[in-house]
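Below, chain A is the first sequence line, B the second, and so on; all start at residue 1.
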Amino acid sequence: MPELRIYDSFRRQKIPFTPVEPGKVGMYLCGPTPYAAAHIGHAYSASCFDMIRRALVLLGYQVKFVRNITDVDDKIIKAAAQAGEDPLERSRRFTDEYNREMRLFGILPPDVEPRVSTHIAEIIDVTSKLVANGKAYEVSGDVYYSVASFAPYGQLSGQTPDDLRAGARVDVDERKRAPADFALWKAAKPGEPSWDSPWGKGRPGWHIECSAMCAAHLGETFDLHGGGKDLIFPHHENEIAQSQGAYGPGTFAHYWLHNGFLNFDGEKMSRSEGNVFTCTQIADAVGAEAARFFFSSHHYRSPVEFEYEATRDADGKLATIRFRSLEAADRRLAYFYETLSRIDAFVASGDGGPGAVVAGADTLVNDAREALSDDFNAPVVMAALGEAAKLANKLLDEGKGIDKQVRRRSIARLGADLRTVGNTLGILTAAPIDYLHERRERLVKRRGLDRAAIVALVAERDAARKAKDFARADAIRGEVAPLGVELLDTPTGTDWRVVDAG
RNA sequence: GGAGCCAUAGCCAAGUGGUAAGGCAGAGGUCUGCAAAACCUCCAUCCCCAGUUCAAAUCUGGGUGGCUCCUCCA
């Protein structure tokens, strides 16, 4: 196995990865705060770390992956109050929806999915420890972390408490000793969920849940901690302060990984810009797997440009929306599935058994390992996938000069490896026929075509061709062309597809 | 005001010291009743300036342009 090197946000450089326990990786990802429908940024972040997790497995590690659910939080409480709903019920509902959507995007469920509401005891425990260690103080039912008590504070983000004060735009709570101090525990307010604690009834602040849940499921010291770049400050900075404040120097995550942001037209996605798209919107428009494919062609740390074209009607409501780059990804993904479909059909009559293969037909998995070892370079893996598919198509097209069994074996091997490596990126997991049919239906719908009419014309052309009535056959081709329908003559008859150009 | 990131062909995107992966688009070709698909060939010297080095897209300094964080936003 190649040596794994990871870019660590804390040290700000790519360094060799040494796990706490040889061969094993404990990995924590800050999951969602489910109070509304998940947007595509959630899916991106989850995809990045799903890929990293699967890559670690491909590299031979035994991985324990923990992704939390922050189900007690201001945003949930606020949204629930507006909807007249119980906060925990609301978060439960959106947690289920989140998980459903992540599955749609090919994201595997975590090994453990801890929630705040079921880890109150652990949270109280850490908080008590921090109070005992002199890192936290109570003020009338609230408990705050004293940033001044933790000398290394700010190392992850490069922020210092002094600089923060200068830029602070939030109202400073007078009861805090320092503006940068943050709440570990918040005294209960009417209508909010609360639990008993040494400081009276209350609920956890933001940040502390991750410290508690990491320790509960991965131990005081573990390997990887991930999240979106925006979480570096204050969330992850505070997690470090909490965990090391409680368990001592050198504890907590040894490597920090942060995924880049999804940008729309160069701007961050935000509600005020009107460019927040839900997972459902994207999945309906181009298919979730195409989005996943698109993600994989970008390095997880880089920002991802996500282009879209929207038309709005008179009163500003969204009328139509197109995601050009995702559509392009979908076309390319179709190429891979068409290749797999050809391979499957060919291998169905024999896979050539064990033995030698042609040059380049057995290098994909190792090339993928090589690329993934270099800070999980998925785009390079994508290039390797393309090379493998090309070779497979070449072998399928032309078998001249190659031993029959070697050819079979090579094609079978390429098919298997395309799936193995594709799956590491969360793609090529479907049956080719399913994907291709779903895609066609999606395009039929997008273009507003009359499916039955097309099928009838295709049947007519098929008959015409069989009767060698090429004039009629060509006429039908001309009829459907303006609709964006292309006729494909195959040895077994005429098939059709919807052209998705531009 | 403080902290950081980015700048590679028409477009997307890897590459962090040794003479630019891959994809899309484009041009030509093989194949095909026509077509599509598939495959083949062609297509950049890396924002600007200065410097370090035998050697820089890759390092240093200075510009210019874009973005993010310091707001419970993945």
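- No side-chain donor-acceptor contact under 3.5 Å links A/Arg324 to the backbone of A/Glu309.
- Judged by distance alone, with hydrogens and angles left aside, the side-chain atoms of A/Ser45 form no donor-acceptor pair with the main-chain N or O of A/His42 at under 3.5 Å.
- Look at CZ on A/Phe306: it is 18 Å from C1' on B/C67, rounded to the nearest Å.
- With B/A38, B/A14, B/A36 as the candidates, the nucleotide lying closest to the side chain of A/Glu486 is B/A36.
- Regarding A/Leu488, its CG atom lies at a distance of 16 Å from the C1' atom of B/G33, rounded to whole Å.
- Neither OP1 nor OP2 of B/U30 sits under 4.0 Å from any side-chain N or O of A/Lys394.
- Within residues 458-467 of chain A, the residues having any heavy atom under 4.0 Å from RNA chain B are, by residue number, A/Arg461, A/Arg465.
- Taking atom P on both B/A13 and B/C49, the two are 25 Å apart, rounded to the nearest angstrom.
- Taking a centre distance below 5.5 Å and an interplanar angle below 30 degrees as the stacking criterion, A/Phe233 does not stack against the six-membered base ring of B/A3.
- Within the 4.0 Å cut-off from OP1 or OP2 of B/G23, at least one side-chain nitrogen or oxygen of A/Lys390 is found.
- Across all strands shown, B/U16 forms no Watson-Crick or G-U wobble pair with both distances under 3.5 Å.
- Residue whose closest nucleotide on RNA chain B sits further toward the 5' end, between A/Asp74 and A/Leu391: A/Leu391.
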**Asked** What string of B, S and - do you get for nucleotides 6-11 of chain B 5' to 3' if you count protein non-hydrogen atoms under 4.0 Å?
**Response** ------
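- A close approach under 4.0 Å does not occur between any side-chain nitrogen or oxygen of A/Asn377 and OP1 or OP2 of B/A14.
- Within the structure, a side-chain polar atom (N or O) of A/Ser302 is placed less than 4.0 Å from OP1 or OP2 of B/A14.
- A/Phe323 pairs by the ring pair (Phe, Tyr, Trp, His ring centres under 6.0 Å) definition with A/Phe277, not counting sequence neighbours.
- Close to B/A13, at under 4.0 Å from its OP1 or OP2, lies a side-chain N or O of A/His298.
- Residue pairs meeting the salt bridge (Lys or Arg N to Asp or Glu O under 4.0 Å) criterion with at least one partner in residues 469-484 of chain A, sequence neighbours excluded, are A/Glu460-A/Arg472, A/Arg472-A/Glu479, A/Arg477-A/Asp489.
- Among the heavy atoms of the strands lying under 4.0 Å from A/Leu262 is at least one base atom, whether or not backbone atoms are also near.
- Here B/G1 sits opposite B/C70 as a Watson-Crick or G-U wobble pair (both hydrogen-bonding atom distances under 3.5 Å).
- B/U58 and B/C46 have their P atoms separated by 9 Å, given to the nearest Å.
- Proximity note for A/Asn259 (side chain, C-beta onward) versus B/A74, B/A14, B/A21: the nearest is B/A74.
- Residue pairs meeting the salt bridge (Lys or Arg N to Asp or Glu O under 4.0 Å) criterion with at least one partner in residues 224-242 of chain A, sequence neighbours excluded, are absent.
- Judged purely by atom type and a 3.5 angstrom limit, A/Asp462 has no side-chain atom pairing as donor or acceptor with the backbone of A/Gly493.
- In the set B/A74, B/A13, B/A37, the nucleotide with an atom closest to the side chain of A/Pro379 is B/A13.
- Applying the 4.0 Å criterion to OP1 and OP2 of B/C39, one finds that A/Tyr335 has a side-chain N or O inside that range.
- Proximity of a side-chain donor or acceptor of A/His119 to a complementary backbone N or O of A/Arg115 within less than 3.5 Å is detected.
- Whole-Å rounding puts the A/Glu305 CD to B/C5 C1' distance at 14 Å.
- For the OP1/OP2 pair of B/C24 and a distance below 4.0 Å, the side-chain nitrogens and oxygens of A/Arg332 include at least one atom meeting the criterion.
- Taking atom CG of A/Asn393 as the reference point, atom P of B/C31 lies 18 Å away to the nearest angstrom.
- What separates CE of A/Met382 from P of B/C24 is a distance of 11 Å, to the nearest Å.
- Judged by a 6.0 Å distance limit and a 45° cone about the ring axis, A/Arg440 is positioned over the six-membered ring of A/Trp496.
- B/U45 and B/A21: their P atoms are spaced 13 Å apart (whole Å).
- The partner of B/C34 is absent, by the rule that a Watson-Crick or G-U pair needs both atom distances under 3.5 Å.
- Against RNA chain B, the stretch residues 37-52 of chain A makes heavy-atom approaches under 4.0 Å through A/His39, A/Gly41, A/His42, A/Ser45.
- Of the candidate nucleotides B/G4, B/A38, B/G33, B/G33 has the atom nearest to the side chain of A/Ala473.
- B/A7 and B/C48 are spaced 13 Å apart, taking the P atom of each and rounding to whole Å.
- In this structure, of B/A74, B/U16, B/A38, it is B/A74 that holds the atom nearest to the side chain of A/Lys75.
- Distance CZ (A/Arg497) to P (B/A37): 6 Å, rounded to an integer number of Å.
- Under 4.0 Å is where a charged nitrogen must lie from a carboxylate oxygen, and between A/Arg5 and A/Asp375 no such pair does.
- Remark: the backbone N or O of A/Pro34 is not paired with any side-chain donor or acceptor of A/Arg93 at under 3.5 angstrom.
- In this structure, A/Tyr300 and A/Arg477 both approach RNA chain B, and ranking their closest nucleotides by distance from the 5' end singles out A/Tyr300.
- The partner of B/A25 is absent, by the rule that a Watson-Crick or G-U pair needs both atom distances under 3.5 Å.
- The separation of B/G22 from B/C31, taken at their P atoms, amounts to 26 Å, rounded to a whole angstrom.
- Taking the C1' atom of each, B/U16 and B/U53 are spaced 16 Å apart, rounded to whole Å.
- When both pairing distances are held under 3.5 Å, B/U58 makes no Watson-Crick or G-U pair with any nucleotide shown.
- The distance from atom CZ of A/Phe295 to atom P of B/A14 is 14 Å, rounded to the nearest whole Å.
- Between the side chain of A/Arg408 and the backbone N or O of A/Phe346, at least one donor-acceptor pair lies under 3.5 Å.
- One can find a donor-acceptor pair under 3.5 Å joining the base of B/C34 and the side-chain atoms of A/Asp489.
- The aromatic ring centres of A/His207 and A/His236 sit 6.0 Å or more apart.
- In the set B/A74, B/A3, B/A21, the nucleotide with an atom closest to the side chain of A/Ala383 is B/A21.
- Of the P atoms belonging to B/G66 and B/U8, the separation is 14 Å, rounded to the nearest Å.
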**Asked** A/His39 and A/Thr278: side chain to side chain donor-acceptor pair (under 3.5 Å), yes or no, with the steps?
**Response** CA-CA 4 Å; A/His39 62 240; A/Thr278 62; over 6 Å; no
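- Across all strands shown, the partner of B/A7 is B/U64, judged by Watson-Crick or G-U wobble contacts whose two distances both fall under 3.5 Å.
- With C1' as the reference atom, B/A20 and B/C43 are 14 Å apart, rounded to whole Å.
- One can place CG of A/Asp474 at 13 Å from C1' of B/A36, the figure rounded to the nearest angstrom.
- Salt bridge annotation for A/Arg92-A/Asp71: absent, with no cationic side-chain nitrogen under 4.0 angstrom from a carboxylate oxygen.
- Under the 3.5 Å distance criterion, the side-chain polar atoms of A/Arg90 are matched with a main-chain donor or acceptor of A/Tyr35.
- In this structure, A/Tyr44 has its ring center no closer than 6.0 Å to that of A/Phe261.
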